[in-house]
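In what follows, chains carry the letters A, B, and so on, assigned in the order in which the sequence lines appear, proteins first and then strands, with residues in each chain numbered from 1. In this text the structure is predicted, and so the values were computed from the model without any measurement.
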Amino acid sequence: MERKEECKVSANEQPKDAGKEREQRLEKLERLRELGVNPYPYRFQRTHSIAMLKENEEQISASESQVAIAGRVMSLRKHGHTAFGNIKDNTDTIQFYIRDDEVEEAEFEVFKLVDIGDIIGLWGGLFRTKTGELTLRVKKLEMLSKSLRPLPEKWHGLQNKELRYRRRYLDLIVNDDVMDVFIKRSKIMETMRQFLLSHHFLEVETPILQPIYGGAAARPFVTHHNALDIDLYLRIADELYLKRLVVGGMERVFEFSRDFRNEGMDKSHNPEFTMMECYAAYWDYNDMMGFVEEMISQISTTVLGDTKIIYQGQQIDLAPPWNRLKFFDAIYEKLGKDIRGLNEGELKGIADEKGLDTEGVKGNAALIDLLFSELVEPGLVQPTFIMDYPIEISPLAKAHRSEEGLVERFEPFVAGMEIGNAFSELNDPLDQRARFEEQTRMRAEGADETHPIDEDYLRALEHGLPPTGGLGIGIDRLVMLLADSPSIRDVILFPQMRPEEGRD
RNA sequence: GCACCGCUAGCUCAACUGGUAGAGCAACUGACUCUUAAUCAGUAGGUUCGGGGUUCGAUUCCCCGGCGGUGUACCA
């Protein structure tokens, strides 16, 4: 038929990286069609997942009923008239046993054309082999999707990290622990969503394409809208939009926000990442602190069954209450002196004294930030809220109610990793305007990651934002923590990579 | 961005100070009716990341480039 013609055409367009095995599998595909078998049928009615099959072994064996399962063939041990193999679905893997005198002749012919990697459906009953392994005794089988490429090797699996990230589908097939990480990721987000919903937060969606980016200090990606003929930015945060919604009367909102930052990549930074931001009217940052430790410990309990976790060999307990440590006190603990009120030269002197690289670090805020991140951060293994940050580096946070020069802001740290950011939101529109203007002044002096003025946001504030507590949690980092992953690439299905093409 | 390391068969890895590029798994042919890293006999499989150089001879040494990893810097 015409179909076969098409097949031959595509077979001629053999990809260079596929090798001879692909050709051999294409031949098998042809032979299946000659046998009147569609190698890519439309559906298959399963009676059980493999996990359910194993759970209900006794009942199924006793009733001698037939079951139907489907999955990918992971191994084959052929013995002439019989064969053993293993088939894997999303839940588990099970051995199957097929013999030519127990299935129809034509189906055994089909079976002979089955390769490792093919997706097949099997009907049969359960039995135990003489070595005691639970096995499906095949009465009937169906090809569900013929695989044209070989699976990675069966006991070393896929090791090459580049291939694992680029061909995540293979990584998932072959490395069960990878699947587990992403199941965990899903559960973490689901638990967080439920937690927020149960506290009467409303889930919303706000623009990813923004005419003015804001809500964080970062360089944006720029894109262009043709019909409007304007440049737009991919959001670096959804903060300013969510607070507009609070102005609008949505007293509690949240969004799982894919954010984009045009900056370097390393084991805790991917150019696109997921942040959960939420805002609650009439809360301050103290309320939010309690909320965070409650939420994270509940997620850990729900997903892992415990608040005690191990991250990269470090024992960590996420049970509330978490440590609370003021920003400058934390530095004082490490330095033995109070750096508040010191001028730039003095700060630089201290940094140099500590052997820190101050090359290119300009301004008090940057120096203070350097001291903090070098001296304090790595030591914050047990969950700790660092609170009350300098006002210069927090243009969206409300001035501290009792401490000059500080804002009511905290960041939760676990395992030396910053996993979020929160504050009593700045709702004084005049103060907010002054802060934006200060940012603009810093930009003029050469800081390239300052907040642009967002007049529409200021207008919204002038209509009145209630006192509000706001929070952002880095989902990727939270998943790293709970899945014990050393790199953000291990918790993002398709981490950013240079294109494979374009090699010389 | 910089430094170091890596890139060899579909996959996992070898190949000494430069001397014909090899194994296991996967694949192919044959044997085999409870195997499980099935076994046994045989077969095929390579632009050694790309380009240039040194050399009688380069997977190996040198240079340029690509991709990745790790560290570091920048960055929430």
Check your understanding: With sugar-phosphate meaning primed atoms plus P, OP1 and OP2, does A:Arg261 contact a base, only sugar-phosphate, or nothing at under 4.0 Å between heavy atoms?
Key -> sugar-phosphate
Check your understanding: Base, sugar-phosphate, or nothing: which does A:Leu163 touch, judged by heavy atoms less than 4.0 Å apart?
Key -> sugar-phosphate
Check your understanding: For A:Ala83, which contact category applies under a 4.0 Å heavy-atom criterion: base, sugar-phosphate, or nothing?
Key -> nothing
Point to revise | Between B:rU60 and B:rU20 - P atom distance, rounded Å | key: 14 Å
Check your understanding: What distance, rounded to whole Å, do you find between the two P atoms, one in B:rG24 and one in B:rA38?
Key -> 15 Å
**Study point:** Distance below 4.0 Å between A:Arg489 side-chain N/O and B:rG69 OP1 or OP2
**Key:** yes
Exercise for review: Pick base, sugar-phosphate or nothing for A:Asn86, based on heavy-atom distances below 4.0 Å to the nucleic acid.
Suggested key: nothing
Check your understanding: Within the pair A:Arg77 and B:rA38, is there a side-chain N or O less than 4.0 Å away from OP1 or OP2?
Key -> yes
Exercise for review: Determine the contact category for A:Phe127: base if any of its heavy atoms lies under 4.0 Å from a base atom, sugar-phosphate if only primed atoms, P, OP1 or OP2 are that close, otherwise nothing.
Suggested key: base
Check your understanding: With under 30° as parallel and over 60° as perpendicular, where do the rings of A:Phe385 and A:Trp322 fit, or are they tilted in between?
Key -> parallel
Check your understanding: Is the phosphate of B:rC67, meaning OP1 or OP2, less than 4.0 Å from a side-chain N or O of A:Arg498?
Key -> yes
**Study point:** Among B:rC67, B:rC32, B:rA26, the nucleotide that comes nearest once only the side chain of A:Arg166 is considered
**Key:** B:rC67
Review point. C1' atom, B:rC61 versus B:rG57: distance in rounded Å?
Key: 13 Å
**Study point:** Residue met sooner reading RNA chain B from 5', once A:Ile116 and A:Pro152 are mapped to nucleotides
**Key:** A:Pro152
Exercise for review: Would you mind classifying the nucleic acid contact of A:Lys78 as base, sugar-phosphate or nothing, using non-hydrogen atoms under 4.0 angstrom?
Suggested key: base
Practice item. Using atom CZ of A:Phe108 as one end and atom C1' of B:rC32 as the other, report the distance to the nearest whole Å. Key: 12 Å
Check your understanding: What would the secondary structure line of RNA chain B be in dot-bracket form, counting Watson-Crick and G-U wobble pairs under 3.5 Å, with [ ] for pairs that cross earlier ones and | for pairs with another strand?
Key -> (((((((..((((.....[..)))).(((((.......))))).....(((((..]....))))))))))))....
Exercise for review: Looking at every strand, decide which applies to A:Gly117 at a 4.0 Å heavy-atom threshold: base, sugar-phosphate, or nothing.
Suggested key: nothing
Check your understanding: What's the NE2-P distance between A:His79 and B:rU39, to the nearest Å?
Key -> 9 Å
Review point. Would A:Tyr389 and A:Phe423 count as a ring-ring contact (aromatic ring centres under 6.0 Å, His included) if you check the C-alpha gap in whole Å, the side-chain angles of each, and the deciding distance to 0.1 Å?
Key: CA-CA 10 Å; A:Tyr389 282 71; A:Phe423 15 94; 9.2 Å; no
Review point. Just to confirm, is there a sub-4.0 Å distance from OP1 or OP2 of B:rC28 to any side-chain nitrogen or oxygen of A:Lys28?
Key: yes
Review point. How many Å lie between NE2 on A:His269 and C1' on B:rC75, as a whole number?
Key: 6 Å
**Study point:** Protein-nucleotide distance (A:Phe260, atom CZ; B:rC75, atom C1'), rounded to Å
**Key:** 18 Å
Practice item. Quickly, which of A:Lys398, A:Arg340, A:Arg409 forms a salt bridge (charged side-chain N to carboxylate O under 4.0 Å, His left out) with A:Glu403? Name it, please. Key: A:Arg340
Review point. Quick one: is B:rG71 close enough that its OP1 or OP2 comes under 4.0 Å of any side-chain N or O from A:Lys267?
Key: yes
**Study point:** Salt-bridge present (A:Lys54, A:Asp92; N to O < 4.0 Å)
**Key:** yes
Point to revise | Pair A:Phe127 and A:Tyr97, ring centroids less than 6.0 Å apart | key: yes
**Study point:** Shortest side-chain distance from A:Glu153, nucleotide among B:rC67, B:rA73, B:rG10
**Key:** B:rG10
Practice item. Examine B:rG45: is either OP1 or OP2 under 4.0 Å from a nitrogen or oxygen in the side chain of A:Lys20? Give yes or no. Key: no
Practice item. Using a 4.0 Å heavy-atom cut-off across all strands, classify A:Gln159 as base, sugar-phosphate, or nothing. Key: sugar-phosphate
